[in-house]
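This one's a predicted model, so the numbers in the text were calculated from it and none came from an experiment. Residue numbers begin at 1 in each chain, while the letters A, B, ... track the order of the sequences. All values below come from the heavy atoms of this structure, side chains included, with hydrogens, waters and symmetry mates left out.
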Protein chains: 2
Amino acid sequence: MKHPLRQHIEEIIKLTNEEFEFILSHFETTTKRKHQYILQEGEIADKEYWIAKGCLKSYFFDESGKEHILQFGMENWWITDYESFVKQSKSKINIDCIENCELLYITYENREKLTKEMHKMERFWAKKSKFGRIALQNRILSLLKNSSKERYELLLEQYPKLFQRVPKKLIASYLGVSRETLSRLNS
Amino acid sequence: MKHPLRQHIEEIIKLTNEEFEFILSHFETTTKRKHQYILQEGEIADKEYWIAKGCLKSYFFDESGKEHILQFGMENWWITDYESFVKQSKSKINIDCIENCELLYITYENREKLTKEMHKMERFWAKKSKFGRIALQNRILSLLKNSSKERYELLLEQYPKLFQRVPKKLIASYLGVSRETLSRLNS
DNA sequence: ATTAATTTGTGACAAATGTCACACATTAAA
DNA sequence: TTTAATGTGTGACATTTGTCACAAATTAAT
């Protein structure tokens, strides 16, 4: 039984046992409980997390104090503030656990080291970055062309599990509508 | 006087004369007139364009036939359908010139070749990809947290030139509001 | 110069969405 | 088990935005 992180990476590049062990040696493990945070506004995101188990949200507050959800994270997803991590600049966002979580993380330094030591991993992350960008582009497309109701239905279709794990008011925030509007979309 | 493409690339990585000539040999030049297209829905984006001069839009139509603008392109920007180019899949979008344009382009094959032949260019495009992703993330942030009026003012602030070159109805489409609403935002 | 096409602004009204208030259900904490 | 906190649905109403219609202004084409 392969390590789930290895399975995840091997969806993109094949690895020998030694290569995977070498990669894994650059990661650390941590567990967090529901409501605990892994990144706070103003900090520099010096770690990128791979979610072994659990569910998280990345979010920020606007001037009026309203919460907006940028991303959810579940098993096999990566999560960090990408902008802060890449630029090593102060983060505008927060990341909290919405369930108890088991996480693997790699620090910025270790990731830099690993990409230099192992060209395969540079390719892995380049590909991840490409696909991440495509996903964001499609979210913008959807925000432009789809109504709230359509966005709701598309999300429900694509991530049915999310709806059993995450309060609807967070879903509303992710979709960019008020919780009352979301509540009325079903009818 | 350095070639403008060289200046552009050297904002990220330094090049020798030979290196730049080598890079340039992978590109071709083309000119297009206003209203001409460089990519149509259903085609595979097999080229990535660097805009030497002119202005373009990438856009798509929703079911009701409404046009939505995904991106504008101006001097020193790159433009293609990123998803189609990366996956070499059928494009959902169109790209048209909204002014006469001078363009340099690199084909998918040449770009693959060049990244393999020259690791510097792999790093260049990886960085481009990262920053492109950050820009998209910030656009989503803005769509979630800012009102139409705020988005309008932010765009005006960031790209004042755009407003002298591009009809306002296209700006409206980019911002995700009707042209009538945009027209009323000033008051 | 004339004609045609495109762009822009504005009024009137409909539709969608947000806000506030409150009741009730569900979950977490003591 | 009791209490507190959180989440959800719904009514009433205000606000925002979209749609349709039309006229004026601007730009492009002949």
Side-chain angles (χ1 to χ4, degrees), chain A residues 32-37 54-57 59 61-69 72 94 96-101 142-156 161-187, chain B residues 32-37 54-57 59 61-69 72 94 96-101 142-156 161-187:
Chain A
K32 295 279 177 189
R33 288 197 323 281
K34 189 171 177 172
H35 295 131
Q36 291 186 315
Y37 73 91
C55 189
L56 302 94
K57 60 175 178 178
Y59 65 100
F61 296 104
D62 64 23
E63 307 74 36
S64 72
K66 205 186 297 171
E67 175 182 346
H68 297 278
I69 296 207
F72 291 109
N94 303 277
D96 288 5
C97 299
I98 49 188
E99 296 175 355
N100 295 342
C101 290
S142 179
L143 280 166
L144 291 178
K145 93 165 171 217
N146 297 120
S147 67
S148 304
K149 179 153 198 174
E150 289 168 332
R151 294 206 303 282
Y152 173 77
E153 282 160 358
L154 286 168
L155 188 70
L156 184 56
K161 282 174 210 158
L162 204 61
F163 289 73
Q164 295 147 14
R165 299 174 74 166
V166 168
K168 297 215 176 127
K169 58 179 228 169
L170 297 186
I171 306 272
S173 168
Y174 176 86
L175 293 172
V177 294
S178 70
R179 54 165 208 84
E180 292 94 335
T181 298
L182 182 71
S183 167
R184 284 186 253 258
L185 286 184
N186 300 310
S187 38
Chain B
K32 296 280 177 187
R33 289 198 322 282
K34 189 170 175 172
H35 294 131
Q36 290 185 315
Y37 72 91
C55 189
L56 302 93
K57 61 174 178 178
Y59 64 100
F61 297 104
D62 64 23
E63 305 75 37
S64 71
K66 203 186 299 170
E67 174 183 346
H68 297 277
I69 295 206
F72 291 110
N94 303 277
D96 286 7
C97 299
I98 49 189
E99 297 175 355
N100 295 341
C101 290
S142 179
L143 281 167
L144 290 179
K145 93 167 171 215
N146 296 120
S147 67
S148 305
K149 180 153 199 175
E150 288 168 331
R151 295 206 303 280
Y152 173 77
E153 283 160 359
L154 287 168
L155 189 69
L156 185 55
K161 283 173 210 156
L162 204 61
F163 289 73
Q164 294 147 15
R165 300 174 73 167
V166 168
K168 296 219 176 124
K169 58 178 227 168
L170 297 186
I171 306 272
S173 168
Y174 176 85
L175 292 171
V177 294
S178 71
R179 56 165 206 86
E180 292 94 336
T181 297
L182 182 72
S183 168
R184 285 185 252 255
L185 286 184
N186 302 310
S187 39

Should A:K66 be listed as having a side-chain N or O under 4.0 Å from OP1 or OP2 of C:dT19?
yes
Counting side-chain heavy atoms from CB outward, which of C:dG18, D:dT10, C:dT7 is closest to B:P167?
C:dT7
Specify the separation, in whole Å, of atom CD of B:E180 and atom P of D:dA21.
12 Å
Does a side-chain N or O from B:K168 land closer than 4.0 Å to OP1 or OP2 of C:dT8, or not?
no
Nearest-angstrom distance from the residue atom CD1 of A:I69 to C1' of D:dG7
14 Å
What's the closest nucleotide to the B:R184 side chain, out of D:dT17, D:dA21, C:dA12?
C:dA12
Whole Å only: how far is the NZ atom of A:K149 from the P atom of C:dG18?
15 Å
Please tell me which of the listed nucleotides, D:dT19, D:dT10, C:dG18, lies nearest to the side chain of A:V177?
C:dG18
Figure out the CD1/P separation between B:I171 and C:dT8, and round it to whole Å.
9 Å
Would you tell me if any nitrogen or oxygen in the side chain of B:K169 comes within less than 4.0 Å of OP1 or OP2 on C:dG9?
no
Please determine whether a side-chain nitrogen or oxygen atom of B:K34 lies at a distance below 4.0 Å from atom OP1 or OP2 of D:dA28.
yes
Using whole Å, what does the distance between atom P of nucleotide D:dT17 and atom CG of B:L185 come to?
7 Å
Using a heavy-atom cut-off of under 4.0 Å over every strand shown, decide if B:S147 touches base, sugar-phosphate, or nothing.
nothing
In whole Å, I'd like the distance from the NZ atom of A:K57 to the P atom of D:dT6.
11 Å
Whole-Å distance between C:dT7 P and B:L170 CG?
7 Å
Per the atom types in the model, does the base of C:dG9 pair as donor or acceptor with the side chain of B:R179 at under 3.5 Å?
yes
Does OP1 or OP2 of D:dT17 have a side-chain N or O of B:S148 closer than 4.0 Å?
yes
So, does A:T181 get its side chain near the phosphate of C:dT17, meaning an N or O under 4.0 Å from OP1 or OP2?
no
Given the options A:F163, A:Y152, A:F72, A:Y59, A:Y174 meets ring pair (Phe, Tyr, Trp, His ring centres under 6.0 Å) only with A:F72
Which heavy-atom pair separates B:R179 from B:A172 by the least distance, and what is that distance?
CA-CB, 3.7 Å
Rounded interatomic separation in angstrom, taking CD1 from A:I98 and P from D:dA5:
22 Å
